[in-house]
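A short worksheet on the structure shown next.
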Amino acid sequence: MTQSPPQEATAPPPLESYDLTDPQTFRDTDPQALWRRFRTESPVHRHPATTPVPGFWVISTYADVVALYRDNKRFTSEQGNVLATLLQGGDSASRKMLAVTDGPRHRDIRNLMLKSFAPRVLEPVVAGVHRRTRELVATALDRGALDFVTDVADHIPINTIGDLMDVPAADREQLVEWNTRTLSRHSSEDSEFEEVMARNEILLYFSELAAERRRHPGDDVISALATATVDGAPLSDEEVVFNCYSLILGGDESSRMSSIGGLIAFARHPEQWRRLKDGEVDVATATEEVLRWTTPAMHFGRRALVDVPLRDQVIRAGDVVTLWNSSANFDEDAFADPYRFDIGRTPNKHVAFGHGPHFCLGSFLGRVHVNAMIDALRTQVRDIELLGPPERLYSNFVDGYTGLPVSLTAEPAAAGKVTA
Ligand code: HEM
C-alpha cells in the first residue's frame with residue numbers, strides 16, 4: 001500500500017469573501033462548515049458592503065440570535081425583516097403587515113390574528129390535515145415513483161390555509177407557484193423581476209378577494225380581517241391585503257419545505273427511519289427534530305435603533321443585522337452533537353419559528369403539517385428511496401426544494417386502510 005505525500009494545508013478563504021446576499025453562495029458552500037466557522041471565528045461578523053449594497057451584521061450563535069429576536073426595543077422589524085428588503089432600505093408593507101410592525105399596533109393586530117390561529121381555534125382542522133396527507137401519500141404509493149414536491153407536498157399546506165381563508169380551490173395551484181417565486185428562485189436563470197411580479201400578482205389577487213369579503217363577509221380569515229376593528233377603527237385595505245399575503249406565504253411555503261426536507265432526512269438516515277417505524281420515538285418529538293434539521297427560514301433580520309454593544313463589537317444605530325436560524329439551530333453550545341439527525345432529541349429548543357415578540361403566528365399549524373406528514377410516512381410507507389438528487393431552491397432566505405424524485409414502497413400492514 002502506498003502512502004500519499006503529505007498535503008500542503010490550504011487555508012480556507014476568509015469569511016469576508018462569502019457573499020451572503022448571493023443565493024449562489026448557499027449552493028457552492030457546505031453550510032455546516034461555513035456556519036461553524038462564523039460561530040467560532042467571528043460570531044458578530046461585519047459583512048462587507050458590495051456596491052451598491054451596504055454592509056450588515058451576521059449573527060450566528062444561538063445565544064445572540066435568541067437575545068436579538070427578543071430585543072424589540074433596540075431592534076426594529078419596521079424597516080424590513082429579511083435581508084433583501086432591509087438592504088433596499090425599507091419594506092413597502094411596513095406597519096401594514098404584522099411581521100413588519102412593532103409596538104402596540106403589533107400587539108393589537110397579533111391578538112386579532114391569533115383569534116384565527118390559536119391552537120384551540122385550529123383544533124378542528126387537525127383531523128383534516130391528517131386525512132388529506134394520508135390520502136396523498138396513499139395515491140403516491142399507488143404510483144411508486146413520483147416527484148414528492150409536486151405530487152404530494154405542494155397540495156397540503158396550501159389547501160389548509162386556502163380553506164381557512166376560503167380561497168377558491170381553482171386558484172390554489174397558481175398561488176403555490178407565486179409563493180415559491182416570491183420567496184426564492186428555482187434557479188440562477190430566474191430573475192429578481194419574476195419575484196417582484198409574483199409578489200404583485202398575490203397582492204392584486206387578495207385585494208380583489210378582500211374587497212369582495214368586505215361586501216359579503218363569510219366565516220373565514222379574510223372576512224375576519226376585513227370586518228375587524230382595532231380601537232373602534234377597521235383595518236385599512238392595505239393592512240388586510242398585506243396580512244393575507246403574509247398568511248398565504250407563511251401558511252404554505254415553510255411547512256411544505258419542512259415536510260419535504262423531513263422525507264429526505266429519513267431517506268438518508270435509515271437508522272432514524274427505523275426508530276420512527278419501531279415506535280421508539282413519538283411523532284411529536286420527531287417533528288421538532290425535523291423542524292430543527294430543515295430550518296426552512298434561514299434568516300430573519302432587523303435594524304438597530306440605538307448603538308448596541310455585542311461581544312467585542314458595537315452595532316451602530318441604523319445598522320442592518322441578520323439572525324441566522326440555520327446557524328443557531330446547529331450551535332454546539334445549544335445542541336449536543338448538532339449535526340446528528342436525532343429524532344429523539346430532547347430538549348430541542350430550536351429557533352425554526354423564531355423567538356420573542358414576532359415568534360411565528362402559525363407555529364401550531366406548521367407543526368400540524370410536519371406532524372401529519374411524519375405520521376403518514378410512518379404508518380403507510382415501508383421504504384423511501386431517493387431516485388435522484390433533490391432540486392434545491394435558489395435562495396438565501398428559504399431552504400427548500402423544487403423537485404424530489406422518490407420511490408415509496410407501501411407498508412403491507414397499512415395497505416387498504418389509508419384512504420378513509
Ligand atoms: C413569523 C417560520 C409556518 C405565519 C415567523 C418567523 C419565523 C417563521 C422564523 C419569525 C419572523 C421574524 O421574527 O421576523 C415559520 C416556519 C413555519 C411557519 C419554519 C413552518 C414550518 C407559518 C404558518 C403561518 C405563518 C403556517 C400562517 C398561518 C407567520 C406570521 C408571522 C410569522 C404571520 C409574523 C408574526 C409576527 O410578526 O408577530 N414564521 N413559519 N407561519 N409566521 Fe411563520
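Indexing begins at 1, ligand by ligand and atom by atom, following the structure's order. Quick note: numbers below take in every heavy atom, side chains included, and nothing from hydrogens, waters or symmetry partners.
For ligand 1, the atoms lying closer than 4.0 Å to a non-hydrogen atom of Leu291 are 21 (C). With ligand atoms numbered from 1 in the order given, ligand 1 contributes 35 (C), 36 (C), 37 (O), 38 (O) to contacts under 4.0 Å with heavy atoms of Leu98. Proximity to Ser246 (heavy-atom distance under 4.0 Å) selects the following atoms of ligand 1: 33 (C). Listed by atom number, the atoms of ligand 1 under 4.0 Å from Tyr69 heavy atoms are 13 (O). Every atom of ligand 1 with a heavy atom of Ala352 under 4.0 Å away is listed here by number and element: 2 (C), 9 (C), 19 (C). Proximity to Ala99 (heavy-atom distance under 4.0 Å) selects the following atoms of ligand 1: 34 (C), 37 (O).
Comment: Asp154 engages Arg256 in a salt bridge, judged by a side-chain N to carboxylate O separation of less than 4.0 angstrom. Look at Arg382 and Glu411 and you find no salt bridge, because none of the NZ, NE, NH1 or NH2 atoms lies under 4.0 Å from a carboxylate O. The existence of a salt bridge linking Arg367 and Glu288 is confirmed by a sub-4.0 Å separation between a basic side-chain nitrogen and an acidic carboxylate oxygen. Between Asp64 and Arg311, at least one side-chain nitrogen of the basic residue sits less than 4.0 Å from a carboxylate oxygen of the acidic one, meeting the salt-bridge criterion. Arg95 has a carboxylate O that lies under 4.0 Å from a charged side-chain N of Glu78, or vice versa, which qualifies the two as a salt bridge. Salt bridge annotation for Glu239-Arg105: present, with a cationic side-chain nitrogen under 4.0 angstrom from a carboxylate oxygen. A salt bridge does not link Arg274 with Glu280: none of the charged nitrogens is closer than 4.0 Å to a carboxylate oxygen. Salt-bridge check for Arg214 with Asp237: passed, with a basic side-chain N closer than 4.0 Å to an acidic carboxylate O. A salt bridge links Arg132 with Asp163; the closest basic N to acidic carboxylate O contact falls under 4.0 Å. Asp319 and Arg316 are not joined by a salt bridge, as no carboxylate oxygen comes within less than 4.0 angstrom of a charged side-chain nitrogen.
Judged by the shortest distance from any of its heavy atoms, Ser77 lies outside the 4.0 Å radius around the atoms of ligand 1. Note on ligand 1: Thr160 sits outside its first shell, no heavy atom being nearer than 4.0 Å. Residue-ligand proximity: Met257 is placed with every non-hydrogen atom at 4.0 Å or more from ligand 1.
For the pair Ser255 and ligand 1, the shortest N or O to N or O distance does not fall below 3.5 Å. Considering backbone and side-chain N/O atoms, His358 comes within less than 3.5 Å of an N/O atom of ligand 1. The distance criterion of under 3.5 Å between nitrogen or oxygen atoms is met by Asn81 with respect to ligand 1.
Arg107 and Thr101 are not linked by any side-chain donor-acceptor pair at a separation below 3.5 angstrom, with hydrogens and angles left out of the test. For the residue pair His350/Asn325, the side-chain donor-acceptor check at 3.5 Å is not satisfied.
Nearest to atom 35 (C) of ligand 1 by heavy-atom distance, out of Met113, Arg110, Arg107, is Arg110. Proximity annotation for atom 12 (C) of ligand 1: of Arg302, Glu253, His106, Arg367, Arg302 comes nearest, heavy atoms only.
Inside a sphere of radius 2.8 Å centred on atom 43 (Fe) of ligand 1, the protein N/O/S atoms present are Cys360 SG.
Here the two rings, on Phe330 and Phe335, have centers that are 6.0 Å apart or farther.
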